[in-house]
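Accompanying notes for the structure given below.
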Protein chains: 2
Amino acid sequence: MDLALCFSGGKDSALAALLADPFFDVTLVTASFGLTDAATHAREAANALGFDHETVSLDRAIAEEAVERMVDDGYPRDGIQYVHEATLEAVAKTGVDAIGDGTRRDDRAPTIPRAIAQSLEDRHDVEYIVPLAGYGRSAIDTLAAERLAIERGPSESLAKGDYEHELRTLLANEHGESAVEEIFPDHTQSVVRGRQA
Amino acid sequence: MDLALCFSGGKDSALAALLADPFFDVTLVTASFGLTDAATHAREAANALGFDHETVSLDRAIAEEAVERMVDDGYPRDGIQYVHEATLEAVAKTGVDAIGDGTRRDDRAPTIPRAIAQSLEDRHDVEYIVPLAGYGRSAIDTLAAERLAIERGPSESLAKGDYEHELRTLLANEHGESAVEEIFPDHTQSVVRGRQA
């Protein structure tokens, strides 16, 4: 079964890819608004893990809408959720057998409830696979440390490969750096450099 | 990481074991009230899949309570849920790093909400792993057909290895065969005979 797995270059989506790898023909897919070179960084991480990589374009209007929601809300959750759902829709339209992502049991956003998962599957005749849905934070940290070479740091200094990086850039352009700091306080992220030797 | 995965000899828990196998040191565990030889059948299926197998004893009072709930309710869901939670508690007490089961995204019973999962993890200092939590029914059927040699049939004629078989036996003994037919109508199940060649 072909699986197009949404990939940010971060720890969670990389571990999801490793869990799926023995059972699917996995391609890692990064959604991009074309606002930064985020997808290039994701491709490097995908290749370092030994996976094929593709980029799916998202309309810039989706990023604009997400950023306006974040500014109105004062927090990023609903904007991130909006972009994640748009990404799954875009990937599902590419005609693969299965789509997936790196969301986890303990995530608050993005999160895809069962009803939305089944709607995605029915409308696009696709399976929606979430390898980490049955894993808590501590189990994920343990497996990631065993299997992945990871670099950690604050979001703004890591060459991260996901749409969040693009959204932060758009937010900074339109509302200034202070808006980024207000909406994404103290955000440490991880970037995957490869598998553990 | 050691993982004690609850195992019935059926398709779902077998596929859960295969998904976990590359990442954990998996032992398949069958809970038994000692009412039938169900655990022996589960052991055969576990060995056919190439896994170690252990049996964990459950107090017969748990089976009695579950059967009374089923008779009162007229359906098995809450009784099964009660036994499943008791099983996870018993397996968590064996001192492994992680426990798990074959519950699926689309299951109605048993199902372990996130709050119960986190309570299990906190009280027993254990990880709770659900390999199929992010898989829908159709994806599971496809993967199981690819990876498992499966025999299907009505519950009463298959030498099934799980506590449900024991609960049906107790129900028949205490309330007659008609109670089993009322509470478990048209119940087709699967037994795993090994991996796909």
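Values below: all heavy atoms of this structure, side chains included; hydrogens, waters and symmetry mates excluded. By convention in this document, chain letters (A, B, ...) are assigned in the order of the sequence lines, proteins followed by strands, and residues within each chain are numbered from 1. What you see is a predicted model, and the numbers here were worked out from it, not measured in a lab.
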> Which of residues 129-142 of chain B get closer than 4.5 angstrom to chain A, counting heavy atoms alone?
Replying inline: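 Listed by number: B:Ile129, B:Val130, B:Ala133, B:Gly134, B:Tyr135, B:Ser138, B:Ala139, B:Thr142.
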>> Applying a heavy-atom distance below 4.5 Å, give me the residues of residues 89-126 of chain B that approach chain A, sorted by number.
In response: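 Those residues of residues 89-126 of chain B which have a heavy atom under 4.5 Å from chain A are B:Arg105, B:Asp106, B:Asp107, B:Arg114, B:Ala117, B:Gln118, B:Glu121.
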Which atom pairs, one a donor and one an acceptor, fall under 3.5 Å between side chains of residues 24-31 of chain A and the rest of the protein, sequence neighbours left out?
from: A:Thr30; atom 1: OG1; to: A:Phe7; atom 2: O; distance (Å): 2.8
from: A:Thr30; atom 1: OG1; to: A:His53; atom 2: NE2; distance (Å): 2.7

> Got a sec: does the CD of A:Glu85 have more than 12 other heavy atoms crowding it under 6.0 Å?
Replying inline: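 Buried by this count: over 12 neighbours within 6.0 Å.
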>> Please check if the number of heavy atoms outside B:Gln81 that lie under 6.0 Å from its CD is greater than 12.
In response: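 Yes.
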Out of curiosity, does [Y] fall in the hydrophobic cluster containing [X] (side-chain heavy atoms, cut-off under 4.5 Å, transitive links)?
X        : Y        : answer
A:Tyr82  : A:Leu88  : no
B:Val180 : B:Val83  : yes
B:Leu19  : A:Leu5   : yes
B:Met1   : B:Tyr128 : no
A:Val191 : A:Ile150 : no

>> Restricting to non-hydrogen atoms, name the atom on B:Leu18 and the atom on A:Phe23 that form the minimum distance, rounded to 0.1 Å.
In response: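 Scanning both residues, the minimum pair turns out to be O-CZ, 3.2 Å.
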>> I need the contact set between residues 56-75 of chain A and chain B: heavy-atom distance under 4.5 Å, sorted by residue number.
In response: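 Heavy-atom contacts from residues 56-75 of chain A to chain B are absent.
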